[in-house]
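Structure record follows, encoded as structure tokens.
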2 protein chains.
Amino acid sequence: MRISSRGEYGVRAMFDLAQRYGEGPIPLKLIAERQEISEHYLEQLMGALRKAELVVSVRGAQGGYELSRPPASITLGDVIRALEGPVLTVHGTEGEKEVEIPADAVERLILADVWKRLAERVNEALDSVTLADLCDEAARRRARDDSFMYHI
Amino acid sequence: MRISSRGEYGVRAMFDLAQRYGEGPIPLKLIAERQEISEHYLEQLMGALRKAELVVSVRGAQGGYELSRPPASITLGDVIRALEGPVLTVHGTEGEKEVEIPADAVERLILADVWKRLAERVNEALDSVTLADLCDEAARRRARDDSFMYHI
DNA sequence: CGAAATCTCGATTGATTTACTCGGGATTCG
DNA sequence: CGAATCCCGAGTAAATCAATCGAGATTTCG
């Protein structure tokens, strides 16, 4: 149950974009350099984020990517689900259609319910952090570090 | 971010054992049959659960496995962590030792904190369900189904 | 005692997923 | 036009997953 590099890199890239929200499109190359992610690999991730409508792209020279909406309205859950698919899926529970008749129906049904509830809790946790939260925290820490510098 | 078959099968097997807690050792073969899991594969999982001290084994004829402690004191988190390793790990955060100097230290530190908090929330969710909870719910549903039968 | 029932352990294997890399095409700005 | 971009699909090496297999060690029962 780990977050793959897609999720990790995706969040880093989105954090990067969030801090530049409103400055127009940011070329992928810059994000890749700052976040130390392979350009080609990041392209794939941005493609998925664009399909999920979390970013919009501008093609051609001076193009790039920007968030499709304010950082406060994009959660880590949005980013992670876009890149890694639905969270905490269990094979016996994933699809919408019912699986084959189980040996002990009661047990299987209980577990299906439990997995579902747990997945909801995980999604709630992931959705409780927005890109704006990350930006605010970054601003706070940078301010603190700066004032610390002046006191030397 | 899915639960692998190890986690899913492991929970099924532990649920099975929990419902027979106090009846002495249950042979793996029976669990495998009831839960429709390959015997050899389940052996591996039981080995991990034994090393995590969630079950104890009794060797020889009439042997088998039983829970090492009451169902109310074993959580789904215990089972899943024993079988799948620590939950919601992120490569850049997993080890205890610090990774190489990041490009933007503030960003990386914030994300490390966030991943850690999220992992805690996921663990809390997984630990909020015990094997006894599953058994209680099974008993409740079976009772309801039975009384339904009598009314036909 | 000996045979059957069990757990124990490590090796191997095929399929899938992950984490990339590569190459070329389409679009837009200057 | 040509450079800077995004766009897209194919390919690949390594890791992980989900088993499978085979050979032992231990214990009960007849």
Side-chain angles (χ1 to χ4, degrees), chain A residues 1-13 17 23-33 35-68 80 83-86 89-92 94, chain B residues 1-13 17 20 23-33 35-68 80 82-86 89-92 94:
Chain A
M1 262 241 311
R2 62 184 282 270
I3 295 283
S4 73
S5 72
R6 286 173 66 89
E8 193 201 342
Y9 293 172
V11 167
R12 294 228 301 265
L17 283 181
E23 298 178 16
I26 313 290
L28 179 140
K29 193 178 183 197
L30 283 186
I31 309 173
E33 275 166 14
Q35 301 299 328
E36 299 171 88
I37 303 170
S38 138
E39 266 182 69
H40 267 295
Y41 192 41
L42 185 54
E43 261 178 39
Q44 289 183 20
L45 307 185
M46 295 311 291
L49 292 169
R50 185 173 51 81
K51 276 176 194 129
E53 300 186 334
L54 299 176
V55 300
V56 291
S57 61
V58 179
R59 301 175 70 156
Q62 324 314 323
Y65 293 93
E66 52 195 327
L67 298 186
S68 66
I80 290 166
L83 293 169
E84 312 208 6
T89 52
V90 176
H91 178 271
E94 60 197 332
Chain B
M1 261 241 311
R2 62 185 280 270
I3 295 283
S4 73
S5 71
R6 287 174 66 87
E8 193 201 343
Y9 293 173
V11 168
R12 295 227 301 264
L17 283 181
R20 288 157 185 84
E23 299 178 15
I26 312 290
L28 180 139
K29 194 178 182 198
L30 283 187
I31 309 172
E33 275 168 15
Q35 300 300 328
E36 299 171 88
I37 303 170
S38 139
E39 267 183 68
H40 267 296
Y41 192 42
L42 185 54
E43 264 176 35
Q44 289 187 140
L45 308 186
M46 294 312 290
L49 292 170
R50 186 174 50 83
K51 276 177 194 129
E53 301 187 330
L54 299 177
V55 300
V56 291
S57 61
V58 178
R59 300 173 69 154
Q62 322 316 322
Y65 295 92
E66 52 194 327
L67 299 187
S68 65
I80 290 166
L83 292 169
E84 312 210 6
T89 51
V90 176
H91 180 270
E94 60 198 332

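Chain naming here is simple, since letters A, B, ... match the order of the sequence lines and numbering starts at 1 in each.
Residue A:Arg50 has no polar side-chain atom (N or O) positioned under 4.0 Å from OP1 or OP2 of D:dC6. An OP1 or OP2 oxygen of D:dC7 is reached within less than 4.0 angstrom by a side-chain nitrogen or oxygen of A:Ser57. Phosphate contact (OP1/OP2 of D:dT20, side-chain N/O of B:Ser38, threshold under 4.0 Å): present. Phosphate contact (OP1/OP2 of C:dT18, side-chain N/O of A:Ser5, threshold under 4.0 Å): absent. Put simply, A:Tyr9 has a side-chain N or O that comes within less than 4.0 Å of OP1 or OP2 on C:dC20. Applying the 4.0 Å criterion to OP1 and OP2 of D:dC17, one finds that B:Tyr41 has every side-chain N and O outside that range. Between B:Arg2 and C:dT16, a side-chain N or O to OP1/OP2 separation shorter than 4.0 Å is absent. OP1 or OP2 of C:dT8 has at least one side-chain nitrogen or oxygen of B:Tyr65 nearer than 4.0 Å.
Across all strands, A:Gly64 comes closer than 4.0 Å only to sugar-phosphate atoms, never to a base (heavy-atom distances).
Closest approach of A:Gly10 and A:Leu45 over heavy atoms only: N-CD1, 4.2 Å. For the residue pair A:Glu39 and A:Leu28, the shortest heavy atom distance occurs at O-CD2, 3.6 Å. Residue B:Ala82 comes nearest to B:Ala48 through the heavy atom pair O-CB, 4.2 Å, listed as atom of the first residue, atom of the second, then distance. Smallest separation of non-hydrogen atoms from A:Met1 and B:Arg2: CG-O, 3.7 Å. The minimum heavy-atom distance between B:Leu67 and B:Leu17, with the atom names listed, is CD2-CB, 3.8 Å.
Atom-to-atom, CG of B:Leu83 to P of D:dA19 comes out at 14 Å; the value is rounded to the nearest Å. For the pair A:Leu45 CG and C:dT18 P, the computed distance is 12 Å after rounding to whole Å. Counting to the nearest Å, the C1' atom of C:dT8 and the CG atom of B:Leu28 are 11 Å from each other. In this structure, the CZ atom of B:Arg12 is 14 Å from the C1' atom of D:dA18, given to the nearest Å. One interatomic measurement links the two molecules: CD of B:Glu39 to P of C:dA5, which rounds to 12 Å at whole-angstrom precision. Atom CG in A:Leu49 sits roughly 15 Å away from atom C1' in D:dC7 (whole-Å rounding). As rounded to whole Å, 13 Å separates atom C1' of C:dT6 from atom CG of B:Leu42. Summarising the geometry, the separation between CD1 on B:Ile37 and P on D:dA18 is reported as 12 Å, rounded to the nearest angstrom.
Between the B:Ser68 side chain and the B:Val56 main chain, no donor and acceptor come within less than 3.5 Å of each other. Looking only at distances, no side-chain donor or acceptor of B:Arg50 sits under 3.5 Å from a matching main-chain atom of B:Val55. At least one donor-acceptor pair closer than 3.5 Å links the side chain of B:Arg6 to the backbone N or O of B:Leu83. A donor-acceptor pair under 3.5 Å is formed between the side chain of B:Glu84 and the backbone N or O of B:Ser4.
With hydrogens and angles left out, the side-chain atoms of B:Tyr41 and B:Ser5 include a donor and acceptor closer than 3.5 Å.
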Going 5' to 3' through nucleotides 23-30 of chain C, assign each nucleotide B (protein heavy atom under 4.0 Å from a base atom), S (under 4.0 Å only from sugar-phosphate atoms) or - (no protein heavy atom that close).
B-BBBBSS

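Under 3.5 Å, the side chain of B:Gln44 and the base of C:dT8 form no donor-acceptor pair of N or O atoms.
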Please tabulate the protein-to-nucleotide N/O contacts below 3.5 Å involving nucleotides 14-16 of chain D, giving atom names and distances.
none

